[in-house]
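Just so it is clear: chains get the letters A, B, ... in the order the sequence lines come, proteins before strands, and each one is counted from 1. These numbers come from a predicted model, not from an experiment.
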Protein chains: 2
Amino acid sequence: MGERENKKQRTRRDLADAAVGLFTEHGYDQVTMADVAALAGVSRRTAFRYFPSKEDLVMDYPIAWLQVFEESIEANQGRPLSVRIRTAGHAVAAFIQSDPVAVKQLSALAFAHPALAAKYVSSTRRWAQRLTVEIERDLDGGPEAAAHAQMLAAAVMGIIDSVCEIWATTDQPMEPLLDQGLDLLAAPLSAAAGGHS
Amino acid sequence: MGERENKKQRTRRDLADAAVGLFTEHGYDQVTMADVAALAGVSRRTAFRYFPSKEDLVMDYPIAWLQVFEESIEANQGRPLSVRIRTAGHAVAAFIQSDPVAVKQLSALAFAHPALAAKYVSSTRRWAQRLTVEIERDLDGGPEAAAHAQMLAAAVMGIIDSVCEIWATTDQPMEPLLDQGLDLLAAPLSAAAGGHS
DNA sequence: AGGGAATTGTCACTCAGTGCCAATCGTTGG
DNA sequence: CCAACGATTGGCACTGAGTGACAATTCCCT
């Protein structure tokens with residue numbers, strides 16, 4: 001918490017801001033890592049120390065949402081799974097709307113470029129695995145429970161991804177979308193998961 | 001038909017085979033495009049002309065499955081959507097099992113490496129869009145039908161992806177997995193889609 | 001056989017990403 | 001306040017993916 005930590009956080013934000021600005025103005029492919037570093041006032045090498053890849057420059061917020069999602073899932077251990085997932089979704093929506101920066105612009109950027117979309121989607125795979133073990137626990141381990149849980153988790157993440165995408169690229173509010181999406185999986189979610197009392 | 005087309009197909013296969021062999025033996029990151037090209041007996045530049053990126057060396061078969069899926073969807077225009085999707089899934093399973101090469105080894109490779117998994121998943125996004133318009137047509141255009149269709153398509157693709165992944169990384173047969181997975185979405189699929197008579 | 005088009009190889013380049021080392025800056029103890 | 005220490009930074013050089021341009025080669029057609 002000294003000057004050092006302070007400066008690091010500032011540099012990180014400078015880089016991310018410079019990236020979003022340059023990317024939206026000139027396009028992701030036309031901007032080099034050196035450009036971003038220069039605008040942020042650091043060397044190319046340092047930029048790579050803060051963000052291991054060019055794509056990561058834009059992934060801070062999406063990653064943060066997923067973290068909120070996971071924390072909310074874990075915070076409500078006792079409840080039925082369907083409720084926990086829905087609650088977590090709304091926590092993410094609240095988190096996003098409380099955010100001062102131009103998250104939407106950033107998200108639209110991420111979903112527009114194939115490389116960024118791929119990076120984002122692949123980062124959701126980790127959370128899908130996390131969701132899988134959660135669902136599996138609620139399933140009380142039948143024989144093919146593992147596969148069942150994995151597929152259900154993939155479906156949930158698919159819906160969450162597309163909710164984010166629709167929200168980022170249109171003007172629809174997030175909460176109704178989320179409810180509508182999760183309703184699609186209401187039956188399998190509540191069927192197998194009544195809380196593990 | 002001529003010698004030219006013949007040779008091109010052979011070169012393409014040589015490159016893909018060389019890639020799978022080298023990747024499984026030494027690991028994706030340890031093998032360079034030059035290595036693959038050398039083993040296939042062509043220049044580095046030519047290798048890039050056949051496969052626009054290193055990842056694509058391994059994507060021919062996954063892409064082919066998705067194509068089979070789409071063709072089956074289109075071939076059964078009259079039927080209810082849920083039936084069409086299920087039928088298409090089984091068409092893919094049949095296609096895979098009729099395949100002489102070590103598809104499974106290749107698939108396991110693709111799902112193991114983050115870059116390859118990302119590439120594959122992002123390629124499924126195009127088919128999800130295709131599925132979306134199909135679902136949307138069956139929905140008879142309600143007000144928020146577009147979003148509904150997009151989310152449902154994402155869920156279907158999520159399930160298909162994870163079916164492929166489970167199949168590639170375990171010993172479970174594909175068809176039961178697919179049926180089990182699509183059952184999760186039985187309600188929303190059949191509810192809104194009774195064929196458009 | 002020979003002209004023409006497609007394919008291939010070579011060269012040179014940009015840029016992402018990384019290891020290494022010296023310089024610099026913030027921190028901490030005197 | 002100063003010196004020593006450790007963390008951060010910048011510069012340099014390198015590997016490897018991907019691309020454009022052009023000359024050489026190969027196949028096709030007449």
Contacts to DNA chain C from residues 108-118 of chain A, heavy-atom cutoff under 4.0 Å, which residues?
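Contacting residues: none.
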Short of 4.0 Å, heavy atom to strand atom, which residues of residues 23-44 of chain B count as contacting DNA chain C?
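The answer is B:V42, B:S43.
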With a 3.5 Å cut-off and heavy atoms only, can you find an N or O donor on one side and an acceptor on the other between the side chain of B:R4 and the base of D:dT26?
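Answer yes: a donor N or O sits under 3.5 Å from an acceptor.
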Looking at the base of C:dG17, is there any donor atom on it, or on the side chain of A:R49, that sits under 3.5 Å from an acceptor on the other one?
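Side chain to base: no pair present.
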Protein-nucleotide distance ([X], atom [atom1]; [N], atom [atom2]), rounded to Å:
| X | N | atom1 | atom2 | result |
| --- | --- | --- | --- | --- |
| B:R10 | C:dT8 | CZ | P | 11 Å |
| B:E5 | C:dA6 | CD | P | 12 Å |
| A:K54 | D:dA17 | NZ | P | 18 Å |
| B:F51 | C:dT8 | CZ | P | 12 Å |
| B:F48 | C:dT7 | CZ | C1' | 18 Å |
| A:Q9 | D:dA7 | CD | P | 18 Å |
| A:R45 | D:dT9 | CZ | P | 11 Å |
| A:D56 | C:dG17 | CG | C1' | 12 Å |

Which residues pass the side chain to side chain donor-acceptor pair (under 3.5 Å) test with A:H26, sequence neighbours left out?
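Listed in chain order: nothing, the list is empty.
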Taking only residues two or more places apart in sequence or in another chain, which ones pass side chain to side chain donor-acceptor pair (under 3.5 Å) with B:T169?
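B:T169 satisfies side chain to side chain donor-acceptor pair (under 3.5 Å) with no other residue.
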Test of understanding: with ring-ring contact (aromatic ring centres under 6.0 Å, His included), list the residues that count as partners of A:F111, not counting sequence neighbours.
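Expected list: A:Y120.
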Holding to ring-ring contact (aromatic ring centres under 6.0 Å, His included), I want the full list of residues that pass it with A:F23, two or more places apart in sequence or in another chain.
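A:F23 satisfies ring-ring contact (aromatic ring centres under 6.0 Å, His included) with A:Y28 only.
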Under the side-chain contact (heavy atoms from CB on, under 4.5 Å) rule, collect the residues that match up with B:I63, sequence neighbours excluded.
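Only B:M59, B:Q67, B:S123, B:W127 meet the side-chain contact (heavy atoms from CB on, under 4.5 Å) criterion with B:I63.
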Considering only NZ, NE, NH1 and NH2 on the basic side and carboxylate oxygens on the acidic side, decide whether B:K7 and B:D14 come within less than 4.0 Å.
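The answer is no: the pair does not qualify as a salt bridge.
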Determine, for A:K104 against A:D171, whether the closest basic-nitrogen to carboxylate-oxygen distance falls under 4.0 angstrom.
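Looking at A:K104 and A:D171, the cut-off is met.
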B:E3, nearest nucleotide to its side chain (from D:dG10, D:dC27, C:dG26)
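The closest nucleotide is D:dC27.
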Taking any heavy-atom pair under 4.0 Å as a contact, classify A:Y50: base, sugar-phosphate, or nothing.
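Counting heavy atoms under 4.0 Å across all strands, the contact made by A:Y50 is with sugar-phosphate only.
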Not counting sequence neighbours, which residues clear salt bridge (charged side-chain N to carboxylate O under 4.0 Å, His left out) with A:R125? List them please.
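By the salt bridge (charged side-chain N to carboxylate O under 4.0 Å, His left out) rule, A:R125 matches B:E165.
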Which residues pass the salt bridge (charged side-chain N to carboxylate O under 4.0 Å, His left out) test with A:E74, sequence neighbours left out?
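If we apply the salt bridge (charged side-chain N to carboxylate O under 4.0 Å, His left out) test to A:E74, skipping adjacent residues, the hits are A:R130.
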